[in-house]
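Reviewing the structure listed below.
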Amino acid sequence: MTMPVISALLAGTVLGGISVPALAQRSPAAPAPVAAPATPPPAIAAPATQTIKSISFVGQQRLESETILSYTKLRVGGSYTRESLDQALRDLFQTELFADVQIRDDQGALIVTVKENPVINRIVLEGNKRLKEDKIRPEIKMAPRQIYTRSKVRADVARIIELYRRQGRFAATVEPKMVQLDQNRVDIVFEITEGPKSKVRQINIIGNEKFSDGKLRGEMATKAARWYRLFSSGTSYDPDRLAYDQQKLRQFYLTQGYADFRVTSAVAELTPDKQDFIITYVVEEGQRYKFGDVKVSSEIRDLSGDRLTNMLTMRKGQWYNAKLVEDTVDQLNETAGLFGYAFANVQPDFQRDKDTLTMGINFQIANAPRVYVERIDINGNTLTQDKVVRREFRLNEGDAFNSFQVKRSKDRINSLGFFQDKLEIEQKPGSAPDRIVLETNVQEKSTGELSLSAGYSSLERFIISASITQRNFRGKGQELRTSVDYSKYSKSIELGFTEPYLFDKNIALGGDIYRRDLNSFNYLQNGSRNTTYQQTTTGFQIRAGVPLTEYMSLALRYSLNLDDVTLDRSTYYTNGQCDPILAGRYLCEAIGKRTTSSIGYSLIYDTRDNRIRPTRGNNLVLSQDFAGLGGSVKYVRSRINGGHWFPLGGNFVLAVTGEAGYIHSLEKQKFDAAGLPIEKVRLTDRFFLGEPQLRGFDIRGVGPRVIRQFGSYGTGGVFTPNGQKSDDALGGKLYYLAHAEIEIPLGAGARELGLRPSVFMDVGAVGKIRRPATTPFQGFCSVSSGTIAPDAQGNPVKTVTSSTSERAANFSGGCATTAVSTPTTFTDVTYTGNAFQENYVGNTLKPRLSVGFGVNWNSPFGPFRIDIAKALLKEPGDDTKLITFNIGTQF
């Protein structure tokens with residue numbers, strides 16, 4: 001009896017609506033598909049019953065004959081029929097060890113010829129670009145040195161296709177192919193055609209009469225693909241999102257009073273090209289209801305039902321709103337939690353009247369025992385010590401439960417910045433009905449940063465920095481940091497340490513040691529910068545902080561700074577002295593060495609839900625520093641700043657912040673060589689305003705400044721400007737600044753890219769300093785004849801020798817060979833060389849206002865921030881700037 005060869009290759013199959021092609025053979029040089037085998041044919045007809053005389057096996061390579069025989073029911077000496085031989089074939093094929101099996105019958109001598117399935121040498125992926133191998137490999141269950149089987153290939157193809165479906169690529173196909181090797185080995189190649197991402201082409205809604213299609217589509221998470229939704233992930237089809245949108249539709253109608261609303265069907269149809277989906281919803285809106293009688297019934301002694309009823313925000317006659325009902329349940333649960341009833345059960349009992357279209361509600365609060373905290377469990381912290389988390393809890397084991405304190409504890413733990421966002425404290429039943437277990441499952445984030453960065457900013461130009469920061473040093477919540485920064489205009493090195501709980505007491509102690517070098521500059525007409533003074537600061541600071549109440553704390557500090565302010569001698573000095581004509585009197589007053597020894601405090605009030613990225617709450621800080629505890633500088637500097645954050649709905653967050661400061665000198669009035677008073681608050685101690693605090697203006701672009709206009713004087717003392725000028729910001733003793741900024745939420749795709757856009761408005765000003773002594777005119781002149789007159793104040797003009805060039809400080813009267821107090825006539829008066837005029841502007845506290853938008857992007861190259869701001873209110877002399885940006889790279 002002879003049986004034909006039976007193959008074990010994949011036939012074309014349909015998996016979940018996706019056609020999976022047949023597994024083909026291909027050689028390394030030229031792949032060629034292999035024909036799909038037929039199903040095992042029945043054995044050749046034989047006598048009804050015969051006896052097996054012998055069984056022999058042919059073709060096996062790895063398997064022993066006894067092993068193959070064990071998979072069948074055939075035995076020597078036993079009887080066999082056509083049906084038993086058919087069953088033996090099926091049994092051998094079901095093992096998936098064989099590519100082909102034949103049984104030949106020679107008068108009771110059975111010869112079984114087998115062709116074993118090959119051994120997998122390796123598995124190759126081709127064509128996958130959108131999904132990398134590290135995403136696909138875990139879905140492939142076949143592995144090298146395993147036996148190849150049809151079912152394993154089919155299952156792996158299905159899993160890969162499902163993986164692409166979850167990415168929204170429903171047109172993806174996977175064609176498995178086989179490369180024959182020697183020694184009955186094969187390479188399995190999955191040829192992947194990824195196809196485009198399947199988008200939602202159209203969303204249809206049928207049955208809606210009260211609300212437009214556009215209004216209902218706006219409530220859905222799924223959006224139809226449009227060019228302006230480039231960064232939105234909602235345009236991709238997702239079956240889970242389809243169910244979610246049905247729930248969103250129901251929630252919307254329930255908030256509008258339509259208590260009978262339902263979605264009767266939701267169908268997603270794939271277009272013939274498998275690139276887009278068309279989604280159709282069929283809805284029934286039903287009737288609109290109003291609130292009927294609303295009350296609260298309480299079985300808890302400490303909670304009065306009548307009092308709680310008066311506190312309800314819903315009233316009879318208002319349109320029914322299911323969201324308001326849910327919020328009321330949450331509020332009643334929180335209220336019960338404030339009294340220690342953690343497991344209070346609030347159940348709304350609805351009385352629907354279809355005749356009057358009203359919905360009466362009775363909020364029933366069942367009796368429950370008062371609960372105490374039995375245990376606080378903290379799980380998931382591998383680095384952070386338990387005490388770091390426990391000390392942020394506002395409840396201790398044995399305390400009466402309080403839901404407000406639990407929420408406050410969660411906010412404080414989140415503000416540490418050590419754990420994942422949206423951390424929750426779960427409330428679980430304890431060992432008795434009046435016991436509760438607070439379980440905190442944390443997932444630690446990386447708190448150590450070792451970074452080298454290089455970048456470019458519109459403020460500092462080329463920047464290089466290196467820093468090491470550990471915000472959770474040794475798992476104790478300590479902060480250790482060191483940094484080195486270098487740019488064209490500033491250099492610094494700093495080392496700092498903070499212990500938030502000294503000796504496990506709620507006392508923070510920290511200190512910093514630093515050296516900072518600053519090269520100040522002014523702007524020239526062509527946009528370039530000119531270095532003016534250099535300031536080096538070496539010093540240290542010691543800080544301490546203690547809480548006064550839950551939301552208020554006091555911080556104390558002591559600082560000692562050694563400052564040295566210098567000017568380039570070759571540029572700004574004459575005869576070894578700072579030349580006011582070249583440098584300006586305000587710069588000559590700033591140079592010198594001084595020591596600042598100051599003590600200060602900050603009174604802090606903070607109710608924000610998260611100090612890192614707040615979404616609600618307030619912050620207010622009042623600070624004062626007193627310099628003069630030794631040292632050569634004496635002043636009082638006062639500052640106040642605060643902010644309010646609150647959600648606007650839809651994940652929009654509005655932040656309104658403001659600050660102001662004033663510095664008052666405690667030193668005696670001094671005068672310059674000309675007898676003019678000198679501003680007592682030094683240039684380096686004043687407040688400056690501009691980029692980046694006040695967007696829309698350049699660095700130090702707001703406030704008092706001296707603008708020096710360059711040009712030349714001709715015959716008769718006429719000044720002709722040449723278009724060049726320099727701009728020196730002088731700062732101020734008083735400033736104020738306010739911001740209003742709304743963070744705009746984006747889709748999941750944009751969030752994955754790290755994009756956080758916002759719109760903002762900035763307002764501020766700085767000023768209130770003594771007008772500096774400026775040089776109205778300066779230049780060179782030579783005199784042989786002409787008419788000379790005293791200056792506008794009647795003072796003699798500067799005298800020079802006839803026909804000799806010399807710098808003159810005042811051209812209001814010209815140059816003369818002798819000091820004159822009355823008009824004197826000369827001939828051939830000429831003015832030559834460079835000259836300038838100085839003007840003092842900007843010393844006003846009138847508000848400067850700018851509006852704009854910006855984007856924060858955590859790009860692959862590092863953090864990137866760009867702001868586009870337009871200055872709407874400005875004063876003469878202010879320097880505006882439309883675009884500012886900062887980019888850096890970490891490696």
Side-chain angles (χ1 to χ4, degrees), residues 15-18 130-131 135-136 139 158-173 194-208 210-256 258 261-285 322-323 326 420-422 424 647 649-652 743-757:
L15 295 177
I18 302 297
R130 299 296 181 179
L131 283 179
K135 300 292 185 182
I136 301 177
E139 300 295 326
R159 278 189 287 267
I160 296 173
I161 289 177
E162 180 61 26
L163 190 63
Y164 273 98
R165 280 187 165 187
R166 291 200 294 267
Q167 298 292 323
R169 299 183 183 277
F170 285 79
T173 60
E194 295 180 316
K197 206 167 188 178
S198 300
K199 300 289 185 179
V200 176
R201 178 183 297 178
Q202 187 175 344
I203 300 176
N204 300 320
I205 305 174
I206 301 174
N208 55 308
K210 304 299 182 182
F211 299 97
S212 66
D213 289 3
K215 176 63 176 177
L216 297 182
R217 292 191 192 105
E219 297 295 324
M220 300 178 186
T222 303
K223 306 295 181 183
R226 299 293 184 267
W227 66 267
Y228 51 83
R229 295 191 176 119
L230 177 64
F231 296 109
S232 174
S233 61
T235 57
S236 300
Y237 173 71
D238 187 341
D240 295 334
R241 196 183 292 125
L242 185 68
Y244 176 72
D245 285 337
Q246 295 180 59
Q247 185 63 23
K248 290 283 288 183
L249 285 175
R250 177 169 172 76
Q251 289 177 354
F252 171 73
Y253 270 93
L254 289 178
T255 60
Q256 303 300 318
Y258 295 89
F261 172 83
R262 66 191 186 99
V263 179
T264 58
S265 70
V267 179
E269 298 176 286
L270 187 62
T271 56
D273 58 6
K274 297 182 180 180
Q275 292 189 8
D276 296 310
F277 277 88
I278 298 176
I279 301 176
T280 303
Y281 296 95
V282 180
V283 302
E284 290 183 4
E285 294 179 322
K323 180 65 167 57
E326 292 178 2
Q420 83 283 5
D421 296 334
K422 298 182 179 179
E424 296 293 337
N651 294 325
F652 286 86
E743 185 172 319
I744 303 173
L746 297 179
R751 287 197 302 270
E752 291 175 0
L753 291 174
L755 293 173
R756 290 194 298 113

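Just the heavy atoms: all of them, side chains too, but no hydrogens, waters or symmetry mates, feed the values below.
- Closest non-hydrogen pair, Ala171 versus Pro196, comes out as CB-CD, 4.4 Å.
- Contact between Asn208 and Glu285 at its shortest, heavy atoms only, is CA-OE2, 3.4 Å.
- In this structure, Phe170 and Ser198 approach most closely via the heavy-atom pair N-OG, 3.2 Å.
- With Thr255 contributing its side chain and Lys323 its backbone, the two residues share no donor-acceptor pair below 3.5 Å.
- Rounded to the nearest 0.5 Å, atoms CD (Gln256) and NZ (Lys210) are 12.5 Å apart.
- How far CD1 of Ile278 is from CD of Glu269: 6.5 Å, rounded to the nearest 0.5 Å.
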Applying side-chain contact (heavy atoms from CB on, under 4.5 Å), run through Glu139 and Leu131 and close with a yes or a no.
CA-CA 12 Å; Glu139 300 295 326; Leu131 283 179; over 6 Å; no
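- We find the CZ-NZ distance between Arg166 and Lys135 to be 11.0 Å, quoted to the nearest 0.5 Å.
- A donor-acceptor pair shorter than 3.5 Å can be found between the side chains of Glu194 and Tyr164.
- The CZ atom of Arg159 sits 13.0 Å away from atom CD1 of Ile136, with the distance rounded to the nearest 0.5 Å.
- Atom CZ of Arg217 has more than 12 heavy atoms from other residues, nucleotides or ligands within 6.0 Å.
- Between Phe261 and Tyr253, the ring planes lie parallel to each other; the angle is under 30°, not in the 30° to 60° tilted range.
- Using a cut-off of 4.0 Å between Lys/Arg side-chain N and Asp/Glu carboxylate O, Arg262 and Glu284 are scored as salt-bridged.
- Relative orientation of the Phe252 and Phe211 rings is perpendicular, given thresholds of 30° and 60° on the angle between their planes.
- Within the 4.5 Å cutoff, no side-chain heavy atoms of Ile206 are placed close to those of Tyr281.
- For Arg250, the CZ atom is loosely surrounded, since the number of other residues' heavy atoms within 6.0 Å does not exceed 12.
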Could you go through the side-chain contact (heavy atoms from CB on, under 4.5 Å) check for Phe652 and Ile744 one step at a time?
CA-CA 6 Å; Phe652 286 86; Ile744 303 173; 4.0 Å; yes
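- Shown are Val267, Thr222, Asp245; of these, the side-chain contact (heavy atoms from CB on, under 4.5 Å) with Ile279 is made only by Thr222.
- The distance from the CG atom of Leu254 to the CG atom of Leu249 is 11.0 Å, given to the nearest 0.5 Å.
- For the pair Ser236 and Lys199, the minimum side-chain heavy-atom distance is below 4.5 Å.
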